*Asks:* 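Sharing a structure, written as structure tokens. Questions coming.
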Amino acid sequence: MKNLVSMKELSVEQIIAILEQAEAFRTGAASTLISKYTMANLFFEPSTRTKMSFEMAERRLPIDVLPFEAGFSSTLKGETLYDTVKVLEAIGLDALVIRHEQNNYFEELIGNVKPAIINGGDGTGNHPTQSLLDIFTIWQEFGTLEDKIVTIVGDIVHSRVARSNAQALTRLGATVQFVCPPEWQGEFETINSFEEAIETSDVLMMLRVQHERHDGLASFSKEAYNKSYGLTVDRERRMKDGAIIMHPAPFNRDVEIASELVECERSRIFKQMENGVYIRMAVIEMILKGRE
Ligand code: CP
């Protein structure tokens, strides 16, 4: 693996290898890289989890991380993403994590630049390391994804997390189903009964309502959305034994998930964030070793 831009390019064997290495980093069974690499994290869209956990992963490996702040970079003078990456190539960086608002921004980079490109999220397209950490969290919980029912609920059309998980979970044997308001369906096939899915799913993956990607949400009612599509305390009570709640976060409390469920016994939301560090360590190591 030379880059990671989408889940489509990962084989099941590669996904399993990443999970196993992440678990080895988690338990302390894996030793880390020698420190001969330099990376930077180029975030042109806001991020807390992805940016900070990549940086934690890089420091733990340990890898030198050069700071990059898009708001104080020559991007503001009109420098293109391609030209910025060429600058960092010239300076000697080995790999770049990039989050960008443009879908498939990486297409002009792969094959044309030397640093490895790790996609930290492109528009509404892909979020492969989020998908890997989601898979890792489910795998940790159940020991397998085979025959697990994963229901992804909410703002699917704007969700790179939903797209990346749709590309990967079924290949690992899970049944993936989608629930959302009709206007947020996009290319996804959805099921009609959220109420039935609550009782039959092993995983309820709630998605954030991405207000920033909606042209106008003047008619959006938090209360109405919560009533029809939110994970309320009453719905949580009807989840089956052992079923878990996930959310890529950040979350809108009391919109897609009741505030008191964020840290409830079934919630794996903060476990997902913790797992993000191990997954990103495994991905970075695999990519850099694949380039040696
Ligand atoms: N889940 C996720 O990508 O969160 P951030 O936007 O904070 O990175």
Side-chain angles (χ1 to χ4, degrees), residues 4-7 10 18 22 39-60 65 67-71 95-106 117-138 140 150 152-169 176 178 180 184 203-214 231 244-253 255-257 261-263 267-284:
L4 177 61
V5 297
S6 80
M7 290 302 286
L10 285 182
I18 292 168
M39 292 182 62
N41 304 316
L42 280 55
F43 280 66
F44 298 92
E45 273 192 342
S47 169
T48 299
R49 272 145 294 274
T50 311
K51 187 167 188 281
M52 297 304 283
S53 67
F54 262 114
E55 186 155 342
M56 181 64 95
E58 288 151 359
R59 287 168 185 246
R60 282 194 184 168
V65 191
F68 177 88
E69 292 298 335
L96 303 171
V97 178
I98 302 179
R99 171 173 288 188
H100 202 279
E101 64 275 10
Q102 187 189 318
N103 284 31
N104 302 320
Y105 69 81
F106 43 79
I117 304 299
I118 302 174
N119 186 5
D122 62 294
T124 58
N126 303 272
H127 197 345
T129 58
Q130 178 71 45
S131 176
L132 286 165
L133 73 89
D134 290 343
I135 292 166
F136 187 46
T137 305
I138 299 169
Q140 233 173 26
V150 181
I152 303 180
V153 186
D155 191 356
I156 292 164
V157 72
H158 299 109
S159 177
R160 53 195 174 209
V161 177
R163 287 197 174 78
S164 284
N165 276 329
Q167 287 163 11
L169 289 171
V176 185
F178 300 93
C180 70
W184 295 350
V203 178
L204 281 181
M205 188 181 292
M206 311 307 294
L207 297 178
R208 182 171 69 89
V209 178
Q210 299 194 42
H211 296 282
E212 73 279 15
R213 297 193 197 279
H214 294 258
L231 186 55
I244 61 171
I245 298 165
M246 296 174 67
H247 191 310
F251 31 79
N252 297 305
R253 289 179 184 261
V255 181
E256 66 265 4
I257 183 166
L261 296 180
V262 168
E263 295 181 66
S267 171
R268 296 296 178 271
I269 295 173
F270 290 94
K271 174 60 76 178
Q272 288 172 264
M273 296 176 204
E274 180 192 332
N275 284 341
V277 176
Y278 306 120
I279 281 291
R280 287 167 177 132
M281 289 174 77
V283 165
I284 293 167

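These numbers come from a predicted model, not from an experiment. For ligands, and for the atoms within them, numbers begin at 1 and follow the listed sequence.
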*Asks:* How far is atom 4 (O) of ligand 1 from its nearest protein heavy atom, and which residue and atom name does that atom have?
*Replies:*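 Heavy-atom neighbour on the protein nearest atom 4 (O) of ligand 1: Arg49 NE, 3.0 Å.
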
*Asks:* Can you confirm, on distance only, whether ligand 1 has an N/O atom lying under 3.5 Å from any N/O atom belonging to Lys51?
*Replies:*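 No; the residue has no nitrogen or oxygen that sits under 3.5 Å from a nitrogen or oxygen of the ligand.
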
*Asks:* Taking the side chain from Tyr278 and the backbone from Ala57, do they hold a donor-acceptor pair closer than 3.5 Å?
*Replies:*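 Between the backbone of Ala57 and the side chain of Tyr278 there is no qualifying donor-acceptor contact (under 3.5 Å).
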
*Asks:* Give me the residue, atom name and distance of the protein heavy atom closest to atom 6 (O) of ligand 1.
*Replies:*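 Answer, as residue, atom name and distance: Arg99 NH1, 2.8 Å.
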
*Asks:* Give a yes/no on ligand 1: does Met52 have at least one heavy atom closer than 4.0 angstrom to it?
*Replies:*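 Met52: no contact with ligand 1 (<4.0 Å).
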
*Asks:* Can you find an N or O of Ala249 that's nearer than 3.5 Å to an N or O of ligand 1?
*Replies:*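 Yes, there is a polar N/O contact under 3.5 Å.
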
*Asks:* Is the shortest side-chain heavy-atom distance between Val203 and Asp134 below 4.5 Å?
*Replies:*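 The answer is no; the side chains never approach within 4.5 Å.
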
*Asks:* Surrounding CE of Met273 (heavy atoms of other residues, nucleotides or ligands, distance under 6.0 Å), is the total greater than 12?
*Replies:*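 Check passes, neighbour count above 12.
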
*Asks:* Indicate the atoms forming the closest heavy-atom contact of Arg99 with Ser47, along with that distance.
*Replies:*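 Result for this residue pair: NH1-CB, 3.3 Å.
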
*Asks:* Going by heavy-atom distance to atom 8 (O) of ligand 1, choose the closest among Pro248, Ser47, Ser53, Gly276.
*Replies:*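 Looking at heavy atoms only, Ser47 sits closest to atom 8 (O) of ligand 1.
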
*Asks:* Under 6.0 Å between ring centres: does that hold for Phe54 and Phe43?
*Replies:*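 That pair fails the under 6.0 Å test.
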
*Asks:* Taking all non-hydrogen atoms of both residues, which atom of Ser53 and which atom of Arg280 are closest, and how far apart?
*Replies:*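 Ser53 and Arg280 have their closest heavy atoms at OG-NH1, 2.5 Å.
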
*Asks:* At less than 4.0 angstrom from any non-hydrogen atom of Thr48, what atoms of ligand 1 do you find?
*Replies:*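 In order of numbering, the contacting atoms are 5 (P), 7 (O), 8 (O).
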
*Asks:* Give the atom numbers and elements of ligand 1 that come within less than 4.0 Å of a heavy atom of Thr50.
*Replies:*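 The atoms of ligand 1 under 4.0 Å from a heavy atom of Thr50 are 2 (C), 3 (O), 4 (O), 5 (P), 8 (O).
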
